[in-house]
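Read through the structure below, which is laid out as structure tokens, and then see the notes.
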Amino acid sequence: MNKDELLKRALQFDFLSIEEGCFLFAHAATSELMYVGNELRKKQKPDNKVTWIIDRNVNTTNVCIANCKFCNFYRIPGHAEAYITTIEQYKEKIEETFRYGGNQLLLQGGHHPDLGLSYYTQLFRELKSLYPNLKLHSLGPPEVAHIAKLEKMTHTQVLTALKEAGLDSLPGPGAEILNDRVRRMISKGKCGGREWLDVMRAAHQLHLTTSATMMLGHIETIYERFEHLVWLREVQSEKPKDAQGFIAFIPWPFQDENTILRKVKGIRNSVTGDEYIRMIALSRIMLPNIKNIQASWLTVGKAVAQVCLHAGANDFGSIMIEENVVSAAGAPHRFTSDGIQDAIREAGFEPQLRDQQYTHLPLPAHLEQQLIAY
Ligand code: SF4
């Protein structure tokens, strides 16, 4: 393989193979990958804007029977700290989100053994009837797969019912690394990689916009990272022409603090700032059919995320008024609305507020800044 030839092909939006991605990871300099990633971003997103969103990650329940080895968030059924969020608590969180200029909940939770489809459809209907303008970017493939198993239904049936009840878009948590060798070791209680992709295929057929993710830097091989990217690209190629499919890809490094993976197996996050920037550039290179690449400031911090904006990333994601899952494993970084916009400007770009469909929005006239206290 020839590095320069591969970089030239990448600049033409060629679909590089798993092996070719691995070759670039091993042999291309960070500056070369950044150059190509940035050129591709400029072609796909020529306006020098970096998008961001105001929303809130709220958890339906922390009860989970999946036992993922990297997760400090969940509690087993019957645990003293187990909870299911009440309508009163949702109301408080939603009204606060509106005051901060947001109108979306990223609703996620554990695999609760007793919460089936009707629990979620009733919840979505109630939230939408209380707040008709609220957007629900909610659940994810592992939860959809869990509900489908509980109810003995297909993914399409579950997603159709959720969509009718008010689901606006489907986030992409639980992808981790899609290869089942990895999943058997770190998250064998949740859906396998094939099922994760199948849920997304079904969502795309229903014209539900989704996003894709990757959690890297634990026990995966470099080959498995690129295989993950190629599998996402293949599913994106199958979406109906008039559907968005995966509207964004968001990679982030494994957060290891107090996790079983670290305490029992001694596995720590192995991703340096330089490697994360390289993976952002290679994500842009490997995923020509996914338009938005998001830098995870929550996990890598402001400075590394800013460099990512020069390596192919065009989106800074959410200010996350609340986030409890990744933060429980050590992700320490926080932004207000002013802070995220200043960080984007400092990096040389124009901040642009967006919604979950990546439609540009005007800034609300009076934007109350969130209190960073969690
Ligand atoms: S990551 Fe999700 S599925 Fe896994 S244990 Fe935590 S809450 Fe459960």
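Counting starts at 1 for both ligands and their atoms, in listed order.
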Near atom 4 (Fe) of ligand 1 (under 2.8 Å) - protein N, O or S atoms: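 Protein N/O/S atoms under 2.8 Å of atom 4 (Fe) of ligand 1: Cys68 SG.
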
Please assess Ser296 against Thr299 for the test side chain to side chain donor-acceptor pair (under 3.5 Å), listing each intermediate value before the final yes or no. CA-CA 6 Å; Ser296 170; Thr299 54; 2.6 Å; yes

Might you confirm whether atom CD of Glu92 has over 12 heavy atoms from other residues, nucleotides or ligands at distances under 6.0 Å?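 12 or below, so no.
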
Does Arg354 pair with Asp315 as a salt bridge, N-O distance under 4.0 Å? yes

Carboxylate-amine/guanidinium contact Lys42 Asp47, below 4.0 Å: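 Salt bridge absent between Lys42 and Asp47.
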
Test log, rule ring-ring contact (aromatic ring centres under 6.0 Å, His included), inputs Tyr74 and His111: CA-CA 9 Å; Tyr74 79 94; His111 292 20; over 10 Å; no

Would you call His155 and Glu195 a side-chain contact if the rule is heavy atoms closer than 4.5 Å?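 In short, these two side chains touch, coming nearer than 4.5 Å.
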
